[in-house]
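In each ligand, atom 1 is the first atom listed, and ligand 1 is the first ligand listed.
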Amino acid sequence: MRTSRTSDTRAAVVCGLGSALPGRLVTNDDLAADMDTSDEWIRTRTGIRTRHFVEPGTATSDLAVAAGAQALGSAGLSTVDTVLLATTTPDRPCPATAPLVAHRLGLTGRPAFDVSAVCTGFLYGLSVAAGLIASGSAEHVLLIGADTFSTIVDPQDRASAVVFGDGAGAVVLRAGAPEEHGALGPVELGSDGSLADLITVRAGGSEQRSAGRRPTRADAHFAMAGQDVFAHAVTRMAEATRTVMNRVGWKTGDVDRLVGHQANLRILHAVAEQLDMERERLVVHLDRVGNTAAASIPLALSHACAAEELAPGARVVLTAFGGGATWGAAALTWPSLDR
Ligand code: COA
């Protein structure tokens, strides 16, 4: 497992936070009107009550720009050195969406690129941002996690269609000192490509195009082996969290808030159980927004911040599992933010 941490003298410090949800609120009953499912099944098996879907004509970049602008405002900045966009639902397969987002944020000319690690994308992005800052390549980095899974999920696939929602969240990181509130500590990342089939969109890439096959309806949509994903997610998130806690010297009781990828409430509860952590320490936001993939962690942070669940100096661990398979965890103390 690859690990990274910011240098001892120069840390990446969170100094801005933003979020954006599309306007169309979709309840479990709305889904049950078009599919063989029920509010009761979705609530008890996933913990999700509502999610937001984009309207036709709204793309991932639109949500990313809104969240990014809010994060820049919260940081009191009009410019940054680099823009990173974690997403699995770019506006187009080519080019990356980050340059367009940077342009629309008035940051034309800045380096901007996409990070592709599905639901772990935000943590992979944090690691890249921390590295850019630690090496002195950047003073300020805007990291956005944005996804519109409603555009790739088959609305008739009840295993996936009830789980996902659309949204975007963003943070600004600046160069600072490791002992400051908001400083990012170790980031632990991992992957296992032998599990690539667990979470996939089979069509649209070089594999299918070079074979000249016409994509079937199933191949063109997102597909997930739900139960296997569930099991791997619990194991990997608990393991990565433990590693990060060891590296930063925190015991389970020292962690004020665990912000796990918001995929399924039962996954979060199982992770807490493996860590011997009270459920009260979990940040839970999926009941309102579902699984928003790369946006999941920054949206949960925005929610917890607005609900005053995160006091300055609070010890926070972030953890995620996603397609690839990919996983990770990161430790930080919570900053004092203008929102
Ligand atoms: N509504 C009603 N019934 C449903 C249903 C739905 N939306 N989806 C599945 N079912 C049925 C199944 O057909 C099955 O019926 P059966 O027992 O008669 O065969 C039963 O419910 C149980 O299905 P199962 O797939 O075992 O459900 P589950 O408890 O594993 O829950 C997920 C399914 C997808 C919610 C769950 O596996 C999950 O959350 N996985 C992780 C997903 C995730 O987080 N992915 C993102 C990447 S990190």
*Asks:* Would you mind telling me if ligand 1 is within reach of the side chain of I42, the backbone, both or neither, using heavy atoms under 4.0 Å?
*Replies:* neither

*Asks:* Please confirm whether the backbone N or O of T97 pairs with a side-chain atom of T87, one donor and one acceptor, at under 3.5 Å?
*Replies:* no

*Asks:* For atom 19 (O) of ligand 1, state whether the nearest protein heavy atom is under 4.0 Å away.
*Replies:* no

*Asks:* Is there a chain of hydrophobic side chains (I, L, V, M, F, W, Y, each step under 4.5 Å between heavy atoms) that links V115 to L107?
*Replies:* no

*Asks:* Answer yes or no for atom 32 (C) of ligand 1: protein heavy atom present at a distance under 4.0 Å?
*Replies:* no

*Asks:* Is it true that T243 and N246 share a donor-acceptor pair across their side chains at a distance under 3.5 Å?
*Replies:* no

*Asks:* Would you confirm whether D192, through its side chain, and T326, through its main-chain N or O, come within 3.5 Å as a donor-acceptor pair?
*Replies:* no

*Asks:* Which heavy atom of the protein is the closest neighbour of atom 39 (O) of ligand 1, given with residue, atom name and distance?
*Replies:* N264 ND2, 2.7 Å

*Asks:* Using a plain distance cutoff, I'd like to know if S38 has any nitrogen or oxygen under 3.5 Å from a nitrogen or oxygen of ligand 1.
*Replies:* no

*Asks:* May I ask you to check whether V229 has an N/O atom sitting below 3.5 Å from an N/O atom of ligand 1?
*Replies:* no

*Asks:* Relative to the heavy atoms of H261, which atoms of ligand 1 are at a distance of less than 4.0 Å?
*Replies:* 48 (S)

*Asks:* Are V141 and L72 connected, step by step, through hydrophobic side chains (Ile, Leu, Val, Met, Phe, Trp, Tyr) whose heavy atoms are closer than 4.5 Å?
*Replies:* no

*Asks:* Identify the protein heavy atom lying closest to atom 46 (C) of ligand 1, giving its residue, its atom name and the separation to 0.1 Å.
*Replies:* N291 ND2, 3.1 Å

*Asks:* Take R281 and E278, measure what salt bridge (Lys or Arg N to Asp or Glu O under 4.0 Å) needs, and give me the verdict at the end.
*Replies:* CA-CA 6 Å; R281 295 185 194 227; E278 303 96 318; 3.0 Å; yes

*Asks:* To the nearest 0.1 Å, how far is atom 40 (N) of ligand 1 from its closest protein heavy atom, and which atom is that?
*Replies:* G226 O, 3.1 Å

*Asks:* Counting distance only, does the side-chain N/O of S116 pair as donor-acceptor with the main-chain N or O of T88 below 3.5 Å?
*Replies:* no

*Asks:* Hydrophobic clustering (ILVMFWY, side-chain heavy atoms < 4.5 Å, transitive) - are V26 and L299 grouped together?
*Replies:* no

*Asks:* Just by distance, do the side chain of E308 and the backbone of A306 share a donor-acceptor pair under 3.5 Å?
*Replies:* no

*Asks:* N291 and side-chain contact (heavy atoms from CB on, under 4.5 Å): which single residue from L286, T46, V163 fits?
*Replies:* V163

*Asks:* Going by the closest heavy atom to atom 21 (O) of ligand 1, which one wins out of F230, W41, F222?
*Replies:* W41

*Asks:* Please state which part of R266 comes within less than 4.0 Å of ligand 1, counting heavy atoms only: side chain, backbone, both or neither.
*Replies:* side chain

*Asks:* Does atom 14 (C) of ligand 1 have a protein non-hydrogen atom under 4.0 Å from it?
*Replies:* no

*Asks:* Provide, to 0.1 Å, the distance between atom 44 (O) of ligand 1 and the closest protein heavy atom, together with that atom's residue and name.
*Replies:* A263 CB, 2.9 Å

*Asks:* Counting from 1, what ligand 1 atoms have a heavy atom of V162 closer than 4.0 Å?
*Replies:* 7 (N)

*Asks:* Starting from atom 24 (P) of ligand 1, what is the nearest protein heavy atom, named by residue and atom, and what distance separates them?
*Replies:* Q227 NE2, 3.7 Å

*Asks:* Given F164, W327, F321, identify the one with the heavy atom nearest to atom 48 (S) of ligand 1.
*Replies:* F321

*Asks:* If you have a sec, work out which protein heavy atom is nearest atom 1 (N) of ligand 1 and how many Å separate them, to one decimal?
*Replies:* T37 OG1, 2.6 Å

*Asks:* Could you see which bit of T46 sits under 4.0 Å from ligand 1, with heavy atoms only: side chain, backbone, both or neither?
*Replies:* side chain

*Asks:* Are V128 and L301 linked, directly or through intermediate hydrophobic residues, by side-chain heavy-atom contacts shorter than 4.5 Å (ILVMFWY only)?
*Replies:* yes

*Asks:* Following the transitive rule for hydrophobic clusters with a side-chain heavy-atom cut-off under 4.5 Å over Ile, Leu, Val, Met, Phe, Trp and Tyr, establish whether F164 and F53 coincide in one cluster.
*Replies:* yes

*Asks:* Which atoms from ligand 1 have a heavy atom of A159 less than 4.0 Å away?
*Replies:* 34 (C)

*Asks:* Which residue supplies the protein heavy atom nearest to atom 45 (N) of ligand 1, what is that atom called, and how far is it?
*Replies:* M224 SD, 3.0 Å

*Asks:* Considering only heavy atoms, which of D228, I267, I199 lies nearest to atom 47 (C) of ligand 1?
*Replies:* I199

*Asks:* Considering only protein heavy atoms, which is closest to atom 11 (C) of ligand 1, and at what distance to one decimal place?
*Replies:* R158 NH2, 3.7 Å

*Asks:* Write down the atom of L17, the atom of C305, and the distance for their closest heavy-atom approach.
*Replies:* CD2-CB, 4.0 Å

*Asks:* Looking at R45, which atoms of ligand 1 are within less than 4.0 Å of one of its heavy atoms?
*Replies:* 29 (O)

*Asks:* Using modelled atom types only, decide if a donor and an acceptor are shared between the side chain of H52 and the backbone of P22 within a distance under 3.5 Å.
*Replies:* yes

